[in-house]
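Read the structure below first, then the notes.
A, B, ... follow the sequence lines: proteins, then strands. Residue 1 opens every chain. Source: prediction; values computed, not measured.
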Protein chains: 2
Amino acid sequence: MRSASATIRDVARVAEVSVASVSRALNGHSSVHPDTRARVVAAAKTLGYVPHAGARSLSMARTHAIGVVLPDLHGEFFSEIVRGMDREVSARGYHLLLSNMHADAALAAQAIRSMRGRVDGLIVMAPQLDAEGLDDALPPDLPAVLVNAHDDIGRAGFRVDNAAGIAAVVRHLVDGGRRKLVHVAGPSGNIDAGERREGFLTAMAEHAPGVEPVVIEGDFREASGATAVGLLRARGLAFDGIVAANDMMALGVMAALREADIAVPRAVAVTGFDDVPLARYLGLTTVRVPIADMGARAVARLIGALEDAPLTDDVETIDTDLVVRTTTGS
Amino acid sequence: MRSASATIRDVARVAEVSVASVSRALNGHSSVHPDTRARVVAAAKTLGYVPHAGARSLSMARTHAIGVVLPDLHGEFFSEIVRGMDREVSARGYHLLLSNMHADAALAAQAIRSMRGRVDGLIVMAPQLDAEGLDDALPPDLPAVLVNAHDDIGRAGFRVDNAAGIAAVVRHLVDGGRRKLVHVAGPSGNIDAGERREGFLTAMAEHAPGVEPVVIEGDFREASGATAVGLLRARGLAFDGIVAANDMMALGVMAALREADIAVPRAVAVTGFDDVPLARYLGLTTVRVPIADMGARAVARLIGALEDAPLTDDVETIDTDLVVRTTTGS
DNA sequence: CCGATGCTTGTAACCGGTTACACACGCCAT
DNA sequence: ATGGCGTGTGTAACCGGTTACAAGCATCGG
């Protein structure tokens with residue numbers, strides 16, 4: 001029982017051929033005599049030989065690994081997007097190399113750079129890096145696909161159709177007879193939060209003309225949903241529908257409404273965004289975002305670029321679905 | 001603007017020194033003249049040089065990456081354990097290489113082998129592989145830490161203290177005056193499910209002597225919780241507490257009880273196991289399993305072994321906490 | 001003035017694979 | 001016999017780093 005693994009040279013010695021023949025035999029090259037191949041395969045088996053992926057990567061300039069750079073994000077989004085990527089990646093024989101990014105831009109750039117030579121391409125979700133920041137963080141020879149990208153980033157990427165999702169929510173509420181809608185917005189720096197806020201205002205202008213839309217600031221966290229309800233009541237504003245920018249805030253809203261004895265959905269309808277699993281259990285009407293699909297499509301596009309044509313710089317849009325449950329019931 | 005990245009030789013040429021000096025200068029070796037170091041650093045900066053991690057790994061026999069082999073598991077567990085590992089790993093300057101395993105043992109072994117030369121060590125969760133299967137799947141020179149291990153695996157690993165968790169649940173229910181307890185068990189092949197089932201029987205013998213404990217088969221999925229309730233009622237068994245082997249089945253139990261107009265917790269108490277986020281929202285009394293901690297500790301142990309002493313073969317136990325909520329209210 | 005010593009530096013081997021190229025061989029047509 | 005061709009194999013360069021070893025040079029003590 002050896003402790004160090006066998007190398008290709010060990011196999012060559014045992015099979016009494018050159019290392020070149022071992023390599024060719026094991027990689028299914030056609031110009032290898034059947035007898036030779038048999039000897040090589042037998043030697044490899046007795047030695048328990050497994051090729052050293054790092055060495056192969058170096059000489060082939062191909063690692064068959066994809067780097068994933070994500071900010072520190074909450075469980076549901078993280079596991080969904082990674083699951084989607086993994087599904088696609090393992091179907092194509094690649095691996096995923098994870099790197100969680102720190103908030104600091106310099107550290108983020110460092111994390112990205114440290115991937116050179118480890119991966120064939122990158123999938124990056126970097127809310128805090130703008131086009132410039134990305135340009136000097138990304139090694140020029142490493143193809144990258146952006147997730148949650150700005151429209152105008154000038155790079156291959158994906159984005160969620162936030163405006164359409166919010167518009168569907170607003171239309172649904174207006175169809176149900178609600179007019180006095182309030183939007184609980186996400187943090188101001190966040191791209192998706194910004195688009196949802198704009199989308200809300202646009203949709204209100206279209207579907208409820210004449211109504212002054214109200215926007216309360218939130219931060220995507222559950223507590224800020226409850227705070228928003230407190231604020232509304234303190235100001236004495238009348239409202240019959242609350243459109244939260246994500247599901248967690250919608251949960252906070254629901255808890256605060258229950259505490260204030262305001263009936264959902266009779267007095268006030270509540271909606272979220274994302275469709276986290278919790279939403280189904282609590283009957284929350286929300287907008288489903290196919291996160292896993294986005295991960296899978298990002299991977300597919302990246303690997304496609306690696307194996308065929310280079311990446312194009314356009315941003316693809318991910319469609320959303322309105323999921324109607326009980327918090328907006330008639 | 002070059003398309004291919006600069007190599008150490010390019011830097012050497014520009015700085016007018018040898019590659020050895022570049023390597024030494026950039027790696028903070030002490031025997032480099034300050035002037036030389038300055039020239040090298042300047043050259044590296046103008047060229048935008050980033051060392052090629054793959055090449056460095058090959059010559060140093062160190063990748064600073066840890067392979068993670070997991071079965072295809074549901075969201076919560078996956079994201080929690082990966083989060084815990086990531087926390088520990090990035091604090092120590094390593095990366096995580098993910099590989100989801102297929103159910104087939106041969107494919108699983110293949111997935112593990114393909115990590116050779118890519119990672120310095122492995123963290124493996126392989127419910128379908130026994131000691132033998134692991135022995136010939138794991139390359140002998142690759143340290144590995146097992147998660148969710150059998151007690152007697154003869155390898156470094158971690159396990160959840162399922163018996164203690166279930167015992168705490170049973171004690172809590174008995175303290176609340178419940179005696180006629182039913183256990184809804186997990187799938188028979190699963191290690192944790194088995195330990196929870198045994199733990200239930202042992203705890204019942206101790207805390208409720210004379211009572212005949214009932215066990216209904218389930219499969220860890222929500223639907224099987226509901227099915228179990230149906231079975232109990234069909235058999236006409238009396239019960240005042242249901243101890244589900246995990247949270248999802250407990251949710252199924254609760255839904256079925258609600259449908260049958262059986263009051264929780266007044267008529268029947270319900271408990272789960274795992275403490276998924278949903279449990280908090282639905283008020284489920286359950287056993288908290290610190291999944292992220294387990295991931296972090298597995299990584300810490302593996303990296304410790306890599307950098308200091310080799311791994312010892314013992315299995316460490318992860319403690320659980322009883323979390324009392326409303327489904328067992330007095 | 002000479003050898004020992006310490007500080008820098010360069011040359012080249014090495015990590016473990018892949019593959020361009022050369023070459024040996026047998027066979028066939030000329 | 002000769003040249004051309006196809007098949008199978010080996011030699012050695014290469015991927016991009018690290019590092020053992022040798023060597024140049026200035027300084028210093030005897």
Side-chain angles (χ1 to χ4, degrees), chain A residues 2 4-40 43-44 47-65 113-120 139 141-142, chain B residues 2 4-40 43-44 47-65 113-120 139 141-142:
Chain A
R2 58 158 44 60
S5 281
T7 72
I8 195 173
R9 278 164 244 274
D10 298 323
V11 178
R13 192 175 323 115
V14 171
E16 297 179 301
V17 295
S18 70
V19 292
S21 290
V22 175
S23 177
R24 286 187 287 245
L26 262 24
N27 289 314
H29 231 264
S30 65
S31 72
V32 180
H33 192 91
D35 294 353
T36 307
R37 188 187 307 274
R39 282 220 310 287
V40 169
L47 290 175
Y49 171 68
V50 179
H52 188 286
R56 171 184 256 145
S57 294
L58 184 57
S59 77
M60 305 222 296
R62 218 58 164 27
T63 64
H64 285 272
R113 269 193 289 271
S114 79
M115 292 254 183
R116 169 165 128 85
R118 286 181 194 282
V119 300
D120 294 332
D141 57 344
L142 212 48
Chain B
R2 57 159 43 62
S5 280
T7 72
I8 197 173
R9 280 163 240 273
D10 298 323
V11 178
R13 193 176 321 115
V14 171
E16 296 179 302
V17 294
S18 71
V19 293
S21 291
V22 175
S23 176
R24 285 187 287 246
L26 262 24
N27 289 314
H29 231 263
S30 65
S31 72
V32 181
H33 192 89
D35 295 354
T36 307
R37 186 187 306 274
R39 283 219 309 286
V40 169
L47 289 175
Y49 171 69
V50 179
H52 189 285
R56 170 183 257 146
S57 295
L58 183 57
S59 76
M60 305 221 298
R62 216 59 165 26
T63 64
H64 286 271
R113 270 193 288 270
S114 78
M115 292 251 180
R116 168 164 129 87
R118 287 179 193 281
V119 300
D120 295 332
D141 57 345
L142 213 48

Has the side chain of [X] got a donor or acceptor atom that lies under 3.5 Å from a matching backbone atom of [Y]?
| X | Y | result |
| --- | --- | --- |
| A/Asp10 | A/Ala6 | no |
| A/His33 | A/Thr36 | no |
| B/Arg37 | B/His29 | yes |

Kindly point out which of D/dG16, D/dT9, C/dT8 is positioned nearest to the side chain of A/His33?
->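 For the A/His33 side chain, the nearest candidate turns out to be D/dT9.
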What is the separation between atom [atom1] on [X] and atom [atom2] on [N], rounded to the nearest whole Å?
| X | N | atom1 | atom2 | value |
| --- | --- | --- | --- | --- |
| B/Arg37 | C/dT8 | CZ | C1' | 12 Å |
| B/His52 | D/dG16 | NE2 | C1' | 7 Å |
| B/Asp35 | C/dT9 | CG | C1' | 14 Å |
| B/Arg62 | D/dG17 | CZ | P | 19 Å |
| A/Asp10 | C/dG17 | CG | C1' | 13 Å |
| A/Asp120 | D/dC15 | CG | P | 18 Å |

With a 4.0 Å cut-off on heavy atoms, is [X] in touch with a base, just the backbone sugar-phosphate, or nothing at all?
| X | value |
| --- | --- |
| B/Ser57 | nothing |
| B/Thr7 | sugar-phosphate |
| B/Arg116 | sugar-phosphate |

Start with the C-alpha distance between B/Ser57 and B/Arg62, add both sets of side-chain angles, then the distance that settles side-chain contact (heavy atoms from CB on, under 4.5 Å), and finish with yes or no.
-> CA-CA 5 Å; B/Ser57 295; B/Arg62 216 59 165 26; over 6 Å; no
Please write out each protein N/O paired with an N/O of nucleotides 18-20 of chain D under 3.5 Å, distance rounded to 0.1 Å.
{"residue": "D/dT18", "atom": "OP1", "partner": "B/Asn27", "partner atom": "ND2", "Å": "3.1"}
{"residue": "D/dT18", "atom": "OP1", "partner": "B/Arg56", "partner atom": "NE", "Å": "3.0"}
{"residue": "D/dT18", "atom": "OP1", "partner": "B/Arg56", "partner atom": "NH2", "Å": "3.0"}
{"residue": "D/dT18", "atom": "OP2", "partner": "B/Ser23", "partner atom": "OG", "Å": "2.4"}
{"residue": "D/dT18", "atom": "OP2", "partner": "B/Asn27", "partner atom": "ND2", "Å": "3.4"}
{"residue": "D/dT18", "atom": "O4'", "partner": "B/Ser59", "partner atom": "OG", "Å": "2.9"}

Nearest 0.5 Å please: distance from the CZ atom of A/Arg118 over to the CZ atom of B/Arg118.
->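 Between A/Arg118 CZ and B/Arg118 CZ, I get 12.0 Å after rounding to 0.5 Å.
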A/Ser5 and A/Val50, any side-chain heavy atoms less than 4.5 Å apart = no
